[in-house]
Amino acid sequence: GGELSPAEIAMTQLGQQTGLFEVHCTQDSAADFTADNLKNYDIVMFYTTGVLPISDEARDYFTGEWLKTKGHGVIGFHSATDTYRTEEPEHRWYQELIGGTFNGHPWNAGNTVTISVHDTEFPAMKPFGEEFQIKDEIYQYVNWVPENVHVLMSLNMAKCNPAKPYHVPVAWAREWGDGKIFYTNLGHNESTWTDERFLDSVTAAVRWIKNLEEADVTPNPDVSAAQEEKAKSEVEASE
């Protein structure tokens, strides 16, 4: 029910245009996010916020048998990391799965940021090249564990305002059993959902999850460590 949001419209149309996937949108995860219903899908896209009313049974099936199946995966957009943003230990499962938790956004919707792509070979990064600019709201994170993920792109602090003396990842990927997870911070602004680069990136992420594109997503904590050092030295140099 209700009108579709810009994100829902964009994903529905992208599925139709590419012929790759068909999107069913839900605003009622208690009713729709069940073990029985998940069996009908290969990919779950999260563009959510707050604590979702997902039952323990659905959670266990989702993170276990369902997500560990080859060809299944999760794509998280923007506020997917602002979901289950709580201290409660029973929500750790989601924080671990999605890879990070919202901890403020020093870069607001009106800011244009410069982003460095670390893995230009990853299918969902190819549309962006080695570096690009976009106007969008960028999060910083807690519960970020570089050892668990393959970081794909980050803020280039030398070209961002404000410049912060620490690493701010913008997208990452990981394997989960035989399933796959891709997260991108982009997607706050409506304009992002009509940005060709972004749409091409999402298409490629779907292709990767469906095993139509190959990629090595071995965790690369050394990249995060190097970005941390780089950001720190650049901010100190500019002060």
Side-chain angles (χ1 to χ4, degrees), residues 1-16 20-103 105 137 139 141-144 148-149 171-190 192-193 198-199 202-203 205-206 208-210:
E3 289 187 14
L4 294 181
S5 68
E8 290 172 323
I9 292 166
M11 289 301 96
T12 300
Q13 290 179 340
L14 188 65
Q16 291 165 346
L20 257 184
F21 56 97
E22 183 185 335
V23 172
H24 294 164
C25 303
T26 178
Q27 304 282 351
D28 184 358
S29 48
D32 294 325
F33 203 98
T34 62
D36 274 351
N37 198 29
L38 276 167
K39 290 171 182 162
N40 300 316
Y41 298 98
D42 297 327
I43 295 174
V44 174
M45 293 177 170
F46 285 100
Y47 189 43
T48 44
T49 188
V51 172
L52 304 177
I54 293 174
S55 71
D56 291 354
E57 181 201 15
R59 174 202 66 204
D60 292 346
Y61 176 69
F62 170 60
T63 59
E65 185 184 336
W66 186 85
L67 187 50
K68 289 177 177 174
T69 299
K70 191 174 172 72
H72 285 188
V74 166
I75 297 179
F77 298 111
H78 192 62
S79 58
T81 48
D82 191 25
T83 302
Y84 289 108
R85 175 167 50 114
T86 69
E87 295 300 311
E88 278 84 12
E90 66 263 29
H91 297 152
R92 289 292 304 159
W93 70 271
Y94 180 87
Q95 295 164 4
E96 185 191 337
L97 182 145
I98 207 67
T101 306
F102 171 90
N103 189 32
H105 54 80
E137 182 186 274
Y139 292 173
Y141 302 95
V142 289
N143 301 324
W144 162 252
N148 286 347
V149 300
W172 54 83
R174 70 181 297 186
E175 289 171 345
W176 187 278
D178 288 329
K180 295 172 179 175
I181 299 168
F182 171 76
Y183 171 77
T184 175
N185 178 182
L186 303 179
H188 177 81
N189 289 356
E190 277 190 34
T192 299
W193 293 92
F198 177 75
L199 295 172
V202 177
T203 302
V206 170
W208 172 63
I209 290 171
K210 287 165 75 80

Side-chain contact, heavy-atom cut-off 4.5 Å: Leu67 with Val74? yes
Any side-chain heavy atom of Ser79 sitting closer than 4.5 Å to one from Thr48? no
Aromatic ring proximity Trp193/Phe198, centre distance under 6.0 Å: yes
Is the closest side-chain heavy-atom distance between His24 and Glu8 below 4.5 Å? no
Between CG of Asp82 and OH of Tyr47, what distance do you get to the nearest 0.5 Å? 11.0 Å
Expected output: side-chain His105 to main-chain Glu137 donor-acceptor under 3.5 Å: no
Between Glu96 and Trp93 (side chain of the first, backbone of the second, donor and acceptor by atom type, cut-off under 3.5 Å), is there such a pair? no
Residues passing the ring-ring contact (aromatic ring centres under 6.0 Å, His included) test with Tyr183, sequence neighbours excluded, are Trp172
Identify the two heavy atoms, one from Ala171 and one from Thr184, that lie closest to each other, and give their separation to 0.1 Å. CB-CA, 4.1 Å
Nearest 0.5 Å, what's the CD-NZ distance between Glu175 and Lys180? 6.0 Å
Looking only at non-hydrogen atoms, find the nearest pair between Thr69 and Glu65 and report the distance. OG1-O, 2.6 Å
Do the non-hydrogen side-chain atoms of Phe182 and Trp208 ever get within less than 4.5 Å of each other? yes
Side-chain touch Phe33/Val44, heavy atoms, less than 4.5 angstrom: yes
First locate atom CD1 of Ile43, then atom CE of Met11, and finally report the distance between them rounded to the nearest 0.5 Å. 11.0 Å
Find out whether Tyr61 and Thr34 are in side-chain contact, i.e. whether some heavy atom of one side chain is under 4.5 Å from a heavy atom of the other. no
With a 4.5 Å cut-off on side-chain heavy atoms, are Asn103 and Tyr141 touching? no
CD1 of Ile209 to CD1 of Ile75, rounded to nearest 0.5 Å, is 4.0 Å
Identify the heavy atoms of Gly76 and Ile98 that sit nearest to each other, and give their distance. CA-CD1, 4.2 Å
Output all residues satisfying ring-ring contact (aromatic ring centres under 6.0 Å, His included) with Trp176, sequence neighbours left out; order by chain, then residue number. none
Side chain of Gln95, backbone of Gly100: donor and acceptor closer than 3.5 Å? no
Side chains of Trp144 and Thr101 in contact at under 4.5 Å (non-hydrogen atoms): no
Residues forming a salt bridge (Lys or Arg N to Asp or Glu O under 4.0 Å) with Arg174, sequence neighbours excluded: none
Taking all non-hydrogen atoms of both residues into account, name the closest pair between Thr192 and Gly187 and its distance. CG2-N, 3.7 Å
Closest heavy-atom contact between Thr63 and Lys68? O-CE, 3.8 Å
Looking at residues at least two apart in the chain, or sitting in another chain, which of them share a side-chain contact (heavy atoms from CB on, under 4.5 Å) with Ile9? Leu4, Gln13
For Phe21, the ring-ring contact (aromatic ring centres under 6.0 Å, His included) test, sequence neighbours excluded, returns none
Between Ser29 and Pro53, what is the shortest heavy-atom contact and its length? OG-CD, 3.2 Å
From CA spacing to verdict: side chain to side chain donor-acceptor pair (under 3.5 Å), Ser55, Glu57: CA-CA 5 Å; Ser55 71; Glu57 181 201 15; 4.7 Å; no
Between Phe77 and Val202, is the side chain to side chain contact (heavy atoms under 4.5 Å, CB included) condition met? List the steps. CA-CA 10 Å; Phe77 298 111; Val202 177; 3.7 Å; yes
Which salt bridge (charged side-chain N to carboxylate O under 4.0 Å, His left out) pairs, counting each pair once, include a residue from residues 33-48, with sequence neighbours left out? Asp36-Lys39
Output for pair (Thr81 OG1, Phe46 CZ), nearest 0.5 Å, gives 12.5 Å
Are Phe62 and Tyr41 close enough that their ring centres sit under 6.0 Å apart? no
Centroid-centroid under 6.0 Å between Tyr139 and His78 rings: yes
Decide if atom CD of Glu190 counts as having more than 12 heavy atoms of other residues, nucleotides or ligands within a radius under 6.0 Å. no
Quick check for you: to the nearest 0.5 Å, what is the distance between Leu52 atom CG and His91 atom NE2? 9.0 Å
